[in-house]
2 protein chains.
Amino acid sequence: MLKKEEKNSIIEICPIRNVVARFGNKWALLVVLVLSEQEIVRFNELCRLIPDVSSRVLSATLRTLEADGLVSRKVYPVVPPKVEYRLTDIGQSLVPFIIQLTEWAQTHMKTIVKHRKKFEVESLSE
Amino acid sequence: MLKKEEKNSIIEICPIRNVVARFGNKWALLVVLVLSEQEIVRFNELCRLIPDVSSRVLSATLRTLEADGLVSRKVYPVVPPKVEYRLTDIGQSLVPFIIQLTEWAQTHMKTIVKHRKKFEVESLSE
DNA sequence: CAGTATCCAGGAAGATACTG
DNA sequence: CAGTATCTTCCTGGATACTG
């Protein structure tokens, strides 16, 4: 394997890894998907729409998406606070691909799950 | 947030999360992409094609891809060992989406990187 | 050649509690 | 309401060494 510095340079150069790495985030894709369905969503609404994410992780996810320019955040100076999230144009442009991906997932899911089980059994019997 | 058991049931039910979770893997997408270009690849060849992955992680990645049925593994009973990896039909069917994704990444990468930097500066000045 | 074994470090994510 | 602070746990992935 390569040394750390060499690796980092590869990662920086490679646009695919750099950007696609974001999808490694456990929640990012899901947040984009939810935002694509609701247009405008407030923070606690998102919490409810994705019931198994903590507010800590959700806010971190939103911040990276905002940093990337995929999501915009609008704060209303009112009490109690009101913050709205929505997709930017770039964020929107990603949606069709995510949907295709989920369709692919739905199409092949049964086969994949079946295959996983079979594989598991075969591995055990060795 | 929900309790752990409730969460797990959500994840099991949801086909999208279940399958898309695989993309969270740091190397899975890249391996599929490389296999789509080379058709048949041997283990150490892959090591060389993806120079910044360790053999330990590479073999783990290959095993999960094999378990999912995206990659097939063919062992020749010779000395020294010879093992060939290639995409299955399901694996192949995923390739166009990955390519679209990488094209999207290439198109928007500059904007995203610029936005990240801007965002960083703004965060510091607060 | 094609991996495994072992050990370790870092980061992601979870639980809980708290605040402007 | 919309988060942050803190602490802890878990798990991925990395380094190195070794083997059928």
Would you kindly give the [atom1]-to-[atom2] distance between [X] and [N], to the nearest whole Å?
X       : N      : atom1 : atom2 : answer
A:Lys74 : D:dG3  : NZ    : P     : 15 Å
B:Leu58 : D:dG13 : CG    : P     : 12 Å
B:Leu46 : C:dC1  : CG    : C1'   : 13 Å
B:Arg48 : C:dG3  : CZ    : C1'   : 14 Å
B:Asn44 : C:dT4  : CG    : P     : 13 Å
A:Ile40 : D:dA2  : CD1   : P     : 13 Å
B:Glu45 : C:dA2  : CD    : P     : 8 Å
A:Lys82 : D:dC1  : NZ    : P     : 12 Å

Hits for ring-ring contact (aromatic ring centres under 6.0 Å, His included) against A:His108, two or more places apart or cross-chain, chain-then-number order -> A:Trp104
Contacts of A:Lys117 meeting side-chain contact (heavy atoms from CB on, under 4.5 Å) (sequence neighbours excluded), chain-then-number -> A:Val113
Requested in this report: Record whether the side chain of B:Arg56 comes under 3.5 Å of the base of D:dT12 through a donor-acceptor pair of N or O atoms.
Outcome: no
Tightest non-hydrogen contact, residues A:Val32 and A:Leu87, listed as O-CD1, 3.9 Å
Return the nearest nucleotide to the side chain of [X]; candidates are [options].
X       : options               : value
B:Lys26 : D:dG13, C:dT4, D:dT4  : D:dG13
A:Ser55 : C:dT4, D:dT4, D:dC1   : D:dT4
B:Ser59 : D:dG14, C:dG14, C:dT4 : C:dT4

When A:Ser54 and A:Pro81 are each assigned the nearest nucleotide of DNA chain C, the 5'-most assignment goes to A:Ser54
The answer to which of A:Val57 and B:Pro80 contacts DNA chain C further toward the 5' end, by nearest nucleotide, is B:Pro80
Check for me, please, whether B:Leu101 and A:Ile99 land in the same ILVMFWY cluster - side-chain distances under 4.5 Å, paths through other members count. yes
A:Val78-A:Ile40 co-clustered via ILVMFWY side chain contacts under 4.5 Å: no
Taking only the side-chain nitrogens and oxygens of [X], find out if one of them lies under 4.0 Å from OP1 or OP2 of [N].
X       : N     : result
B:Arg63 : C:dT4 : yes
A:Tyr85 : D:dC1 : no
A:Arg73 : D:dG3 : yes

In DNA chain D, stems of three or more consecutive pairs, Watson-Crick or G-U, each with both distances under 3.5 Å, turn out to be C:1-20 with D:1-20
* To do: Show your reasoning for whether side chain to side chain contact (heavy atoms under 4.5 Å, CB included) applies to A:Tyr85 and A:Glu45.
  => CA-CA 10 Å; A:Tyr85 292 92; A:Glu45 226 176 322; over 6 Å; no
dist A:Leu70:CG -> A:Ser93:OG (nearest 0.5 Å) comes out at 8.0 Å
